[in-house]
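Worth knowing before you read on, the calculation uses all heavy atoms, side chains too, and leaves out hydrogens, waters and symmetry mates. Keep in mind that this is a model prediction, so the values were computed, not measured.
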Amino acid sequence: MNDTPMLILIAGPYRSGTNGDPQAMADNLARLEAAAWPVFAAGHLPVIGEWIALPVLHSAGAGPTDPLADQVLYPTAERLLARCDAVLRLPGESAGADQDVATARRRGLPVYDDVSQIPLRAAPGEELRTPQETA
């Protein structure tokens, strides 16, 4: 166990394979976000590039299918990786997620393919429970 929390980028398909369908992109984002709780419960801080990039695009009057998106989505992940300690790569074809993994490996960051590979963080006095356990 480690006592220092990691900032972990969750990478996987967002726009890939959606043909710009907003519902398909929302479904992909929901899959990315589903990994956030297990990362947090392991004692770390999850981050998803779209959590930052989408508001940036919105403030520029654009969305994920606009030409500006490539100038925001990929650079956002690149900038995040300068601060992240690891990457969790979720399944699915995604050029952006593959790029994130390549960047992480170049920087010597660990890349996990499954949440179970992420080291648990020792957190004295902190016992996390799922929302179902607290109900």
Side-chain angles (χ1 to χ4, degrees):
M1 284 205 190
N2 183 354
D3 65 353
T4 303
M6 291 188 288
L7 181 61
I8 300 178
L9 178 70
I10 301 171
Y14 173 61
R15 294 185 304 173
S16 298
T18 66
N19 289 327
D21 176 41
Q23 185 57 56
M25 286 186 283
D27 292 346
N28 281 345
L29 184 56
R31 278 189 282 283
L32 292 167
E33 290 177 341
W37 171 254
V39 170
F40 187 83
H44 305 289
L45 187 61
V47 65
I48 297 171
E50 286 75 14
W51 287 347
I52 297 166
L54 293 175
V56 170
L57 280 171
H58 181 74
S59 71
T65 60
D66 290 312
L68 182 62
D70 285 346
Q71 297 174 46
V72 174
L73 290 168
Y74 297 132
T76 296
E78 176 76 22
R79 293 174 192 184
L80 270 173
L81 282 166
R83 303 286 185 188
C84 287
D85 302 300
V87 171
L88 172 61
R89 173 58 162 100
L90 299 184
E93 290 187 35
S94 170
D98 290 345
Q99 186 176 325
D100 296 343
V101 166
T103 299
R105 288 193 170 130
R106 264 194 323 276
R107 293 183 178 170
L109 302 177
V111 176
Y112 305 109
D113 296 315
D114 191 87
V115 173
S116 66
Q117 298 171 331
I118 297 172
L120 295 176
R121 180 181 150 249
E126 185 177 307
E127 183 179 332
L128 295 177
R129 288 177 249 181
T130 66
Q132 294 79 15
E133 291 175 329
T134 58

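- Under the 4.5 Å side-chain heavy-atom criterion for Ile, Leu, Val, Met, Phe, Trp and Tyr, Leu45 and Leu81 are members of the same hydrophobic cluster.
- Within the structure, every pair that satisfies the side chain to side chain donor-acceptor pair (under 3.5 Å) test and touches residues 21-36, not counting sequence neighbours, is listed here: Gln23-Asp27, Asn28-Arg31, Glu33-Trp51.
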Anything under 3.5 Å between a donor and an acceptor, one on a side chain of residues 8-16, the other on a protein residue two or more places apart or in another chain? List them.
residue : atom : partner : partner atom : Å
Arg15   : NH1  : Pro64   : O            : 3.1
Arg15   : NH1  : Asp70   : OD1          : 3.3
Arg15   : NH2  : Asp70   : OD1          : 2.5

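- Contact between Pro5 and Gly43 at its shortest, heavy atoms only, is CB-O, 3.3 Å.
- In plain terms, the two heavy atoms of Asp85 and Met6 that are nearest each other are OD2-CA, 3.4 Å.
- Take Arg83 and apply the side-chain hydrogen bond (donor to acceptor under 3.5 Å, both in side chains) test, not counting sequence neighbours, and it matches no residue.
- The two atoms that bring Gln71 and Pro67 nearest to each other are NE2-O, 4.3 Å, heavy atoms only.
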Criterion side chain to side chain contact (heavy atoms under 4.5 Å, CB included) on Arg121 and Thr4, from CA distance to verdict: CA-CA 7 Å; Arg121 180 181 150 249; Thr4 303; 5.8 Å; no

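- Contacts of Glu78 classified as salt bridge (Lys or Arg N to Asp or Glu O under 4.0 Å), with partners at least two apart in sequence or in another chain: Arg107.
- In the hydrophobic clustering of this structure, Leu54 does not group with Tyr74; members are Ile, Leu, Val, Met, Phe, Trp, Tyr whose side-chain heavy atoms approach within less than 4.5 Å, directly or through other members.
- Scanning for salt bridge (Lys or Arg N to Asp or Glu O under 4.0 Å) contacts around Asp66 gives an empty result, with sequence neighbours left out.
- For the pair Pro119/Tyr112, a side-chain contact is recorded, criterion being any heavy-atom separation below 4.5 Å from C-beta on.
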Stepwise side chain to side chain contact (heavy atoms under 4.5 Å, CB included) check, Val47 with Ile52: CA-CA 9 Å; Val47 65; Ile52 297 166; 4.3 Å; yes

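- Rounding to the nearest 0.5 Å places CG of Leu90 at 9.0 Å from CG of Asp114.
- Between the side chains of Thr76 and Arg79, no donor N or O sits under 3.5 Å from an acceptor N or O.
- Counting only residues at least two apart or in different chains, salt bridge (Lys or Arg N to Asp or Glu O under 4.0 Å) contacts with residues 90-101 comprise Arg89-Asp98.
- Hydrophobic clustering, with ILVMFWY side chains joined whenever heavy atoms are under 4.5 angstrom apart, groups Met25 together with Leu68.
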